[in-house]
Structures are given as C-alpha cells and as structure tokens.
Visitor: 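Can you keep this structure in mind? I'll have questions shortly.
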There are 2 protein chains.
Amino acid sequence: MTRKKRANGVESRQRILDATVEIAGERGYEGTSIAAVSAKCGLPASSIYWHFKDKDDLIAAVIERSFETWLAAVELPGEETGTPLERVTAMATNVAKSLVDAPDFLRLGLMLALERRPTEPRGRTVFLQVRDIATQKITEVAGTVFPDLDEDAVRTLTTYAVAGADGLFVHREIHGDAVDLVAMFELHAQLVCDAAGRMASRSKR
Amino acid sequence: MTRKKRANGVESRQRILDATVEIAGERGYEGTSIAAVSAKCGLPASSIYWHFKDKDDLIAAVIERSFETWLAAVELPGEETGTPLERVTAMATNVAKSLVDAPDFLRLGLMLALERRPTEPRGRTVFLQVRDIATQKITEVAGTVFPDLDEDAVRTLTTYAVAGADGLFVHREIHGDAVDLVAMFELHAQLVCDAAGRMASRSKR
DNA sequence: ACATTGCTGTAGTGTTTACTCCAGTTGGAA
DNA sequence: TTCCAACTGGAGTAAACACTACAGCAATGT
C-alpha cells in the first residue's frame, strides 16, 4: 500500500476544483465547459477525466468541497448561554460572516436548485442533501432555544429563518459588497425571535 | 398600413416564447439551445431568428414577457384602508398568490441574477431593472404605510421584505407544491410590521 | 395582375462541446 | 535495476452548438 498518494495528484485535483468553482459560479452548470476549466487550471482535459468520471461528477465534487469549506467557516456557536435573542443573533452573525467568506457553496447550490431539468444533475442532489442536514441541525437548535414551541412551530420558524438567509444572501449577490450582510442578519435574528415569542404565547392560550 | 399584422406571426412569437420560458426554467441560460426551443414549439430555427435577433435577445424577451405576466397576476392592492398590518398582509398575500400562479419571472430572473459572467446577458440586465422598479414601488408603499419611519429605515425594511419574498419563493421552488406560500408570506408580513414598529419606537426616543 | 411583405422550410456554415485513446514520464516499491 | 501505478500531453471524434443564406409560399395593398 502507498502511504503517500503522490503529491502532485492531490494538488492537481485541488487546482481543477478551484478552476471549476470559479467558472461554475460565473456561468452555471451548462456553462461550465471542460475546455474552460482546463484553460483556467492549466491541466489538459485528460487530467480532469483522470480525476473525475465526467462533468456531472466534477460539479458534484465541487459542491461537496465548497460545502466543507463553508462548514469550516461557520464554526458553530460556542455554548448554550445567554438569552434566546443573544443566542440566535450569535448564530445569525456567524452564518452571515461565513457566507461572506465562503459564498461559493450557497451561490452554486442555489443556481443548481433553481434548475429543474428532467435528469437531475448529481450536484443538485448533493446540495439538497447537505442543505437538508443543515436545516435539521437548525431545527434542533431552535427546539432547545425555544423549548415552549411545539414541533410544527419550530419547523415553521426554521423554514422562515433559512428562507430569510437565502433571500438576504441573494440580495448581497445582486447588490455586491456594499451590502452589510451581518447587519441584515442581525435584524433577521431579531424578527425570528419575535416570531418565536408570538408563537409561544399563542400556543399557551 | 396593415390593420392586422398577419395572424400567424404574433402567434408564432408567443409559441416560441412559451417554449423558451419552459426550457430556460429547466436548464438555465446556457442550457437553453435554439434546437430544443425549435423542437418544442415546432417552428424551425430560421423562424426563431426572424422574430429575435439572437439567443440573448430571445431570453431578454422571455424575461420581459414573464414580468408582464407576473405584474398582471399581482393586481396591486385596492385602496389605502385598514391597519398597517392588514395592508401589508394583503399585499403579501397578493404577491404570494402571484408567485404561485406566475413563477417563471422570478425563477428565471433569480437564475440569471446569480450568474456573474464577464459579459452580462441582456436578460439579466432587464431582470435587475424591473426588479429595481418593483422594489422602488414597495419602498413608496412602505413609506405611506409607516409614515413614522425615516428614509433609511424604510429602505432597510423594503430590502428585508423583498429578501424574505425571494427566500420563501426559493423554498417553494425546492420543496414543491406542498409548501403553503401564502401562509409563509402572512407570517413574513407580520414580522415586517413588527420590525417597523420596533424601528419607529427607536427613532422616536 | 402584380409586386410586396411576413413568415416558413431546407440545408447548410464554422466552432465548441463532452469525452476518449494512448503514448509518454516520473516517483517510489521490490 | 526493474516494474508498476499515478499522472500528463497531445491528438482526435462525433455530436451539438449558435447562427446564416436563401428559396418558397400565402396573404395583402395597389
């Protein structure tokens, strides 16, 4: 067995993925041509096909890697201390920062998610899966932060929280760096907490 | 001058646009091939090029028409009566219904908006323009519904309202018809009003 | 009757696409 | 030294791509 996989190989793989994430973020799924990726990373097409089965496989790998990058950027909030508002705001701030630092995952993912082609690309499936997992985690956190809420309310709250995050992200993608994503996410956190309060008081009655 | 423009012409144009909106909504900008549009609408490529200058022109026309369709579906709320919450909710409900009935505009527009290619397609420009106009109208309405707010607050509120709408729309596009968009928009309207109240009380102090 | 206009049908153009074949090259294991 | 596995390079293929040239036809204005 080889203990080192030959240094050049993994580096080339990274270079290919780097080039692909850039081009796919610019031009979408169909617009990402192997020739363009090859030109950008400096490796011939045959190398790309040595590392990846086909174009679909390449894009799925890009989604996976950019998800990991984003996950690392999120750095889940420390411990469960403070008021619900403080905790939710801390979480929102973290997510906002991570989306500024590592926007590729959500941008590419949303592009793929909005497409509805007959034969779904694997990249889309992967995105929806990891997104589902992330959503579930948020649901869990919401359940502990707002213990008064019933399951349905928690789900609704999570849906709204995620949708708001998506929308604010899109807003920043459209309007550029001038948008203060962290500030908007703080407002969002506040409103989500309002909603939680409203839901709790309703279910008590 | 001809009083009738030759019936077949306008009908063909519509058929081409219908086919294009369907394919573009499935496969994005690059994925929309003239051959596929031609096959779907039953007209040869030369007819498409007689009606439209090139592919870019075609997609821009699709955006324009789907915007008009959507605008017609929105049917702006009647008159300025009721509490702010009632008025905002009525508006949100209208928008939600229109997005269910005519989702093409926003779906296609968001797909184009998320792409950032070096030479921007005209369709993207058109989308961002009409979106800007729509946003401005919402800003005006917000200004009259919440007269206590200063300009900055109204802008922030509008941004948040639009972003929430985008995000909830994306959520429905991903999770399908099971999502009750109207209900989510009602919640959204409520939270936006909360935010307005919070902002007003802060500026008074 | 005749030319004009609006549109369709056929048959292309050259370029780009995803993907393949296979002959190198190179570093490490035996 | 020999050998193999891990890659790279270049050359190539068939299909799909956006787009064009142009002939033909049916209705209309004169």
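Order of the sequence lines fixes the chain letters, A, B, ..., with proteins taken first and strands second; residue numbering starts at 1 for each chain.
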Visitor: Identify, between A:A45 and A:I48, the residue whose nearest nucleotide on DNA chain D lies closer to the 5' end.
Guide: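 Whichever sits nearer the 5' end wins; that is A:I48.
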Visitor: Take atom CH2 of B:W50 and atom P of D:dG24, then tell me their distance rounded to the nearest Å.
Guide: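 It works out to 20 Å between those atoms.
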Visitor: Grab the OH-C1' distance between A:Y49 and D:dG9 for me, whole Å please.
Guide: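 Distance, rounded to whole Å: 16 Å.
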Visitor: What's the CG-C1' distance between A:D56 and C:dC19, to the nearest Å?
Guide: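 Interatomic distance, CG of A:D56 to C1' of C:dC19: 14 Å.
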Visitor: B:S38 near the nucleic acid: base, sugar-phosphate alone, or nothing, with a heavy-atom cut-off under 4.0 Å?
Guide: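 Here B:S38 touches no strand at all.
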Visitor: Under 4.0 Å: is that the gap between some side-chain N or O of A:S47 and OP1 or OP2 of D:dC7?
Guide: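 For A:S47, the contact criterion (side-chain N or O under 4.0 Å from OP1 or OP2 of D:dC7) is not met.
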Visitor: Taking CD1 from A:I23 and P from C:dT17, how many angstroms apart are they, rounded to a whole number?
Guide: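 Atom-to-atom, A:I23 to C:dT17, this comes out as 10 Å.
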Visitor: Report the distance from atom NZ of B:K55 to atom P of C:dT16, rounded to the nearest whole Å.
Guide: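 After rounding, the reported distance stands at 14 Å.
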Visitor: Using whole Å, report how far CG of A:L43 lies from C1' of D:dG10.
Guide: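 Between C1' of D:dG10 and CG of A:L43: 14 Å.
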Visitor: Which nucleotide in the list D:dC7, D:dA18, C:dC19 gets nearest to the side chain of A:S12?
Guide: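 Looking only at heavy atoms from C-beta outward on A:S12, the closest nucleotide is D:dC7.
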Visitor: Mind checking the OG1-CG spacing from B:T69 to B:L17? Nearest 0.5 Å is all I need.
Guide: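 One finds 9.5 Å between OG1 of B:T69 and CG of B:L17.
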Visitor: For B:H51 and D:dC19, give me the distance from atom NE2 to atom C1', rounded to whole Å.
Guide: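 Distance check: B:H51 NE2 to D:dC19 C1' gives 16 Å.
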Visitor: Please determine if a side-chain N or O atom of B:S46 lies less than 4.0 Å away from the OP1 or OP2 oxygen of C:dT8.
Guide: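 Looking at the OP1 and OP2 atoms of C:dT8, neither is under 4.0 Å from any side-chain N or O of B:S46.
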Visitor: In terms of heavy-atom contacts, does CD of B:Q14 have more than 12 from other residues, nucleotides or ligands at under 6.0 Å?
Guide: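 Yes.
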Visitor: What integer distance in Å separates A:Q14:CD from D:dC7:P?
Guide: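 One finds 13 Å between P of D:dC7 and CD of A:Q14, rounded.
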Visitor: Is the shortest distance from a Lys or Arg side-chain nitrogen in A:D180 or A:R172 to a carboxylate oxygen in the other one below 4.0 Å?
Guide: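 Result for this pair is no, no salt bridge flagged.
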Visitor: Does the side chain of B:S33 get closer than 4.0 angstrom to OP1 or OP2 of D:dA16 through an N or O atom?
Guide: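 So the side-chain polar atoms of B:S33 never come under 4.0 Å of the phosphate oxygens OP1 or OP2 of D:dA16.
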Visitor: Any idea which of D:dC17, C:dT10, D:dC19 is nearest the B:P44 side chain?
Guide: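 Minimum distance to the B:P44 side chain belongs to C:dT10.
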Visitor: For a side-chain contact (heavy atoms from CB on, under 4.5 Å) check, start with the C-alpha distance between A:R116 and B:R107, then their side-chain angles and the critical distance, and finish with the verdict.
Guide: CA-CA 10 Å; A:R116 306 144 32 256; B:R107 169 168 54 229; 3.4 Å; yes
Visitor: Calculate, to the nearest 0.5 Å, the distance between atoms OH and NE2 belonging to B:Y160 and A:H188 respectively.
Guide: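 Rounded to the nearest 0.5 Å, the OH-NE2 separation comes out at 4.5 Å.
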